[in-house]
Amino acid sequence: MSSATAPPSSRPPAGPAPSTRKRGRAAGAVALIAVLVCAAVVALWWLRPAGGPQDPDGESAQSPGGALLSGRVPVSSGIPWPLEGEVRDPRATITPSDAWMKGSRSAWALDTPVGEQVPPRYATNGEVLVSLHRNGARTELMQGWDIRSGQAQHLWSRELDVGDTLDIQSDDAVWVGGTLFVEGHAINGATGEAVVLSWMKAKNPSDSKTLVVAPGRVLVVCARTGNECQARDSQGNVLWRKSTGLRAEVEVRGTASLNGEQWVWLQQDNGKSSFVNTSTGASNTLEVGTGGLCTDIRADDGWLVACGESTQITAFAADGSGRQDFDAAYWPISTRGRSECSDATVPIWERTPTLERAIAYYRDGDTSATAGTLTAADCSHLEYRAPGTDGATSIDITNDRWHRAFTLGDFGSELQEQLAVSGSRRILAVGNSMLIDLTSGQLMDLAGAQNPQDPRLAAPDLVIAAEDSGIRAAVPRD
């Protein structure tokens, strides 16, 4: 990362007009100064904070000032600011507010600089937003914004070389309070202060590392290769470093907790798995998911796995113990072809279920602990069933040309994992990106916010979208 820029204050005042004739050399000097002043103004304009209203209802996102950050981001073993707050995964399910039934309006916009063709990217915890957009051929501009007040207030700016840029929308990114962890960096969203954590940064893509934030904000990092996980505190002190017991490349499947202890599930392609205790580094092994392509379902205290070449679901606890296999009332894998949308009936949980409740659903067909179920009749129609009812609400998603209800998985187009129903059961959110009016079965098109592309729920009453023109926010109407 290179030196940072800050938004300009105002255009320099013009000097007084000359009252007498000057010699040619003096006139040339004045012309040169004028050219330099104009060039400086143009340069400052290009490096201003992106932002500004895009419609009559929108609030201006520009704000004077903001911290000017300079110098390359230092490499450090620890984080020089307090690590506080709750852990937030960017893939976490957000329950929509019933206020969306009133309609929507534009709240604020961060405009893409004129002439730039690369859409901006962003990461947010619902209170602070970090944006990143191209700033010329060789640099990108990272900025921080406070979005708690219904407007976007500029906090800081930092210029990055294109070669040092970050994938801030990565699924592997994670927030801890106002700190964003992404690609080996820790970024303070409120101040722009940042460090490269020496023990997290991968030297090459094959050496990628996955961060898990354990209870007590312990930072656990497991390498894709190298047969090792380690845990450190926010100051970089090593708490433990242990072998995982695996030899080939591994994937971190996720975490679950048992008896007050958290376990990380790592798995090789052949199904051999290791379950690592985030407090001690102790590990257990288990072979699971060896029947071809498989899908896994997380419970709060364990896992369920179903494979395409199997007829049963396997369940086991967070530490890999207590394995049981059973026939399923609800099979989580589509019976349709890969070119079709999945026909698997998916439960909508109000919170991550316990293993007992998840087994009750998949083995016994018990939907009482869910907020309903969702099934794709085809790629353009969904069916929602409230718990304890026989009838279904038909949902028409024909007009969704982006097919946001589905994601491409190992078994074709599968329903998004993030499913939530509002408190009154009138709004269904699919994939944190699609709002559906369950009273009519129609998409809520955010027309009052000019139908932003690829909208995402950032909070129950806040939708943010990144599109070619910039980053835009929508909120429910008052």
Side-chain angles (χ1 to χ4, degrees), residues 93 212 214-215 222 229 244-246 248 250-335 342-375 385 387-388 409-411 414-415 417 419:
T93 301
V212 172
C222 296
C229 291
T244 63
L246 303 177
V250 300
E251 179 181 353
V252 175
R253 308 296 291 181
T255 64
S257 297
L258 183 66
N259 299 325
E261 294 188 319
Q262 185 186 58
W263 297 78
V264 182
W265 176 19
L266 299 95
Q267 187 177 42
Q268 297 177 169
D269 287 342
N270 63 2
K272 186 174 182 180
S273 298
S274 179
F275 300 86
V276 178
N277 187 306
T278 60
S279 297
T280 65
S283 62
N284 302 321
T285 58
L286 175 71
E287 286 198 13
V288 63
T290 57
L293 293 175
C294 303
T295 186
D296 55 75
I297 301 155
R298 177 180 175 267
D300 186 63
D301 53 349
W303 299 88
L304 296 89
V305 174
C307 299
E309 297 178 7
S310 176
T311 59
Q312 290 188 314
I313 292 177
T314 298
F316 48 89
D319 62 354
S321 66
R323 172 174 177 159
Q324 57 177 303
D325 302 294
F326 57 84
D327 294 326
Y330 284 116
W331 185 243
I333 297 176
S334 177
T335 62
S342 172
D343 62 352
T345 297
V346 181
I348 303 171
W349 302 103
E350 293 183 348
R351 61 186 60 85
T352 304
T354 62
L355 192 59
E356 180 182 11
R357 287 183 172 179
I359 291 174
Y361 170 80
Y362 284 101
R363 183 188 63 193
D364 307 325
D366 182 359
T367 64
S368 61
T370 73
T373 62
L374 197 64
T375 309
R385 285 180 172 82
D410 291 333
F411 300 95
E414 304 167 359
L415 280 171
E417 292 182 359
L419 301 173

Looking at every heavy atom in both [X] and [Y], which two are closest together, and how far apart are they?
X	Y	answer
W331	A306	CH2-CB, 3.9 Å
P332	I297	CB-CD1, 3.9 Å
A329	G365	CB-N, 3.6 Å
Y330	I313	O-CD1, 4.1 Å
L419	I348	O-CG2, 3.7 Å
L355	L304	CD1-CD1, 3.8 Å

Just jot down the ring-ring contact (aromatic ring centres under 6.0 Å, His included) partners of F411, sequence neighbours excluded, or say none.
->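 So F411 forms no ring-ring contact (aromatic ring centres under 6.0 Å, His included) with any residue.
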So, using side chain to side chain donor-acceptor pair (under 3.5 Å) as the criterion, who are the partners of [X] when residues are at least two apart?
X	result
E350	R425
T280	none
N270	Q268
T244	N227

Donor-acceptor contacts under 3.5 Å from residues 255-265 side chains, at least two apart:
residue : atom : partner : partner atom : Å
E261    : OE1  : N277    : ND2          : 3.1
Q262    : OE1  : T278    : OG1          : 3.4
W265    : NE1  : S273    : OG           : 2.9

Can you tell me if CD on E356 sees more than 12 non-hydrogen neighbours from other groups inside 6.0 Å?
->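 It does not: E356 CD has 12 such atoms or fewer within range.
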At what distance, to the nearest 0.5 angstrom, does [atom1] of [X] lie from [atom2] of [Y]?
X	Y	atom1	atom2	value
T345	R385	OG1	CZ	7.0 Å
D343	I333	CG	CD1	11.0 Å
L415	T375	CG	OG1	8.0 Å
R298	E417	CZ	CD	11.0 Å

Can you sort out the partners of [X] under side chain to side chain contact (heavy atoms under 4.5 Å, CB included), two or more places apart, ordered by chain and number?
X	result
P353	W349, R357, A358
T285	none
D410	L293
Q312	S310, D325, D327

For V288 and Q267, run side chain to side chain contact (heavy atoms under 4.5 Å, CB included): C-alpha distance rounded to whole Å, both residues' side-chain angles, the deciding distance at 0.1 Å, then the answer.
-> CA-CA 9 Å; V288 63; Q267 187 177 42; 4.0 Å; yes
Taking only residues two or more places apart in sequence or in another chain, which ones pass salt bridge (Lys or Arg N to Asp or Glu O under 4.0 Å) with D296?
->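 Listed in chain order: R253.
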Non-neighbouring partners of D364 that pass salt bridge (Lys or Arg N to Asp or Glu O under 4.0 Å), sequence neighbours left out =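 Per chain and number, D364 pairs via salt bridge (Lys or Arg N to Asp or Glu O under 4.0 Å) with no residue.
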Should S283 and L266 count as side-chain neighbours, where that means a heavy-atom distance under 4.5 Å?
->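 When only atoms from C-beta onward are counted, L266 and S283 do not touch, as no gap falls below 4.5 Å.
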